[in-house]
2 protein chains.
Amino acid sequence: MPSRSLAMPELACADCPIRHRAVCARCESDELEQLDAIKYYRRFEAGQTIAWAGDQMDFVASVVEGVASLTQTMEDGRRQMVGLLLPSDFLGRPNRESVAYDVTATTDVMLCCFRRVPFQTLISETPHISQRLLEMTLDELDAAREWMLLLGRKTAREKIASFLSIIARRDASLKNRPNANELVFDLPLTREAMADYLGLTLETVSRQMSALKRDGVIELKGKRHITVPDVSALMEETGDDADGGMFG
Amino acid sequence: MPSRSLAMPELACADCPIRHRAVCARCESDELEQLDAIKYYRRFEAGQTIAWAGDQMDFVASVVEGVASLTQTMEDGRRQMVGLLLPSDFLGRPNRESVAYDVTATTDVMLCCFRRVPFQTLISETPHISQRLLEMTLDELDAAREWMLLLGRKTAREKIASFLSIIARRDASLKNRPNANELVFDLPLTREAMADYLGLTLETVSRQMSALKRDGVIELKGKRHITVPDVSALMEETGDDADGGMFG
DNA sequence: GGTTGTATTTGATCGAAATCAAATCAGCCC
DNA sequence: GGGCTGATTTGATTTCGATCAAATACAACC
């Protein structure tokens, strides 16, 4: 169900993929023009911090390209990722002045930013947008809750398998799959970032990746390029209900 | 920041505590009358299931009294709580037909229910309410993310201490504390439910409760009645930043 | 090609929490 | 009071993932 939004009608919009999720598909063109008036693009390099927890953030944004993440850090350095933003995901909290978590560019990232104050004005005057934001926030909440099950109850192997299936589900290259049963994609995260996502150490991530490879569940070309020869075999490993899902 | 809503202005409304969070404080009285027209009360006993994951739910609701929880269960029985609803919390997802998680009455619960379809109509016609729901959902998302840090990175002892401080923060009896440094409240959950909340086993919960008692961080009267003689000592144990917080 | 620095893998060991098992406590009903 | 039931505590042992440590792969740069 976090994939719900993928099923929503998309606006054909060549210059700004943002609108696909950030903006209600029912918006009138003049509303879209107002959005255009307050938007600008911004690029961040891999590893760069986009905002620190507690900072003022004078924009909200949508991810155009690349991956950004939200993380929380404890004083002693323990770190947990609490949000992973892929292209078309929304960043920022309308009506909140400050950011609650560190926002980092996990890969090179291109953001489409909307200036915060005028964006909020637009929301308050455009119920469509506010309703769309509610939908998106509910989707995020669903994703967070699925993530909680993973963190609280899954084994290391199940965590890795779940992560791979989550990334695969969102990966663009999905669109042209030659073989319906096979799956090929690139990992946008280092082993360390995966560990932060999964509540593991990077050593455990590496070991479990090796184990899945040894058992033929995945194949690796380089460190980041993954082939899943049999999707259902991967799904078996996630611990989730085998039903539904993106892959038939 | 999950406590943000507590700081919001509350409507004086003797018969229905719901409004305090569920409905925008800026609503006009005729909008409140419309809400009254579609609401009804419903009681559930401890242990009773309010809805199963996947069920249609023909109402949304606000918790008036007692505690309800959202849980996810894996086929082999592993269980993770993903939502804990205390009085004034909102239950249900506007514009979603079905429930995503099992909803259970953790104690005896009184709900103030709003019939779903008319409630949705009201939302779409009343931007205030839709914006209030967005605020509430953002609060829930913040809470979920704090919870993710707990599940992914905290030790068993830190989890217990964090849980106690979360419950204490929300407990009604807080309102009349004789001694600002001391804290007295009742646990609304069994050890098993705590385990489901924290991603632990009930034995570990029990052991860590005993350890905190042994170390003088908490005192126990019966199994459920907790006294925290020194709030800052408890906060030390949570692993969280010592700053801010409800207790000064 | 060699060097440097980072990312990743692999190995050995340790420890926190899970698991398995039993005892104790607290209501509750008669 | 006494027995019954479910909740909780406590104990013994195991196990999975963390930690500590070292080797290997890889890309960028000279």
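The analysis underlying the following values was restricted to heavy atoms, covering all of them including side chains, and did not include hydrogens, waters or symmetry mates. All of these numbers come straight from a predicted model, not from anything done at the bench.
- The CD atom of A/Q208 sits 14 Å away from the P atom of C/dG11 (whole-angstrom rounding).
- Spacing between atom CG of B/D76 and atom C1' of C/dT19 amounts to 14 Å, rounded to whole angstrom units.
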* Asked: What does nucleotides 8-13 of chain D look like as a protein-contact string, B for base, S for sugar-phosphate only, - for none, at under 4.0 angstrom between heavy atoms?
  -> SBBBB-
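- Looking at which nucleotide of DNA chain D each of A/L200 and A/G222 is closest to, the 5′-most match is held by A/L200.
- Using cut-offs of 30° and 60° for the angle between ring planes, the B/W147 and B/Y197 rings count as parallel.
- The separation between A/K159 atom NZ and D/dA18 atom C1' is 12 Å, rounded to whole Å.
- B/L150 has its CG atom 12 Å from the P atom of C/dA17, to the nearest Å.
- Ring geometry for A/Y40 versus A/F59: interplanar angle over 60°, hence perpendicular rather than tilted (30 to 60°).
- At whole-Å resolution of the value, CZ in B/R78 and P in C/dT19 are 9 Å apart.
- Put simply, CG on B/D196 is 12 Å from P on C/dA18, counting in whole angstrom units.
- Using modelled atom types, one finds no donor on one side chain facing an acceptor on the other under 3.5 Å when comparing A/S162 with A/S165.
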* Going through the checks in order, is the salt bridge (charged side-chain N to carboxylate O under 4.0 Å, His left out) test met by A/R78 and B/E158? -> CA-CA 13 Å; A/R78 280 176 283 173; B/E158 288 169 340; 2.8 Å; yes
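- With hydrogens and angles disregarded, a donor-acceptor distance shorter than 3.5 Å links the side chain of B/R224 to the backbone of B/L187.
- Residue B/G199 is in sugar-phosphate contact alone, with no base atom involved, counting any heavy-atom pair closer than 4.0 Å across all strands shown.
- Taking atom NZ of residue A/K154 and atom P of nucleotide D/dG17, one finds them 13 Å apart after rounding to whole Å.
- In this structure, A/L198 places its CG atom 10 Å from P of D/dA18, rounding to the nearest Å.
- A salt bridge links A/D89 and A/R170; the closest N-O separation between the charged side-chain nitrogens and carboxylate oxygens is under 4.0 Å.
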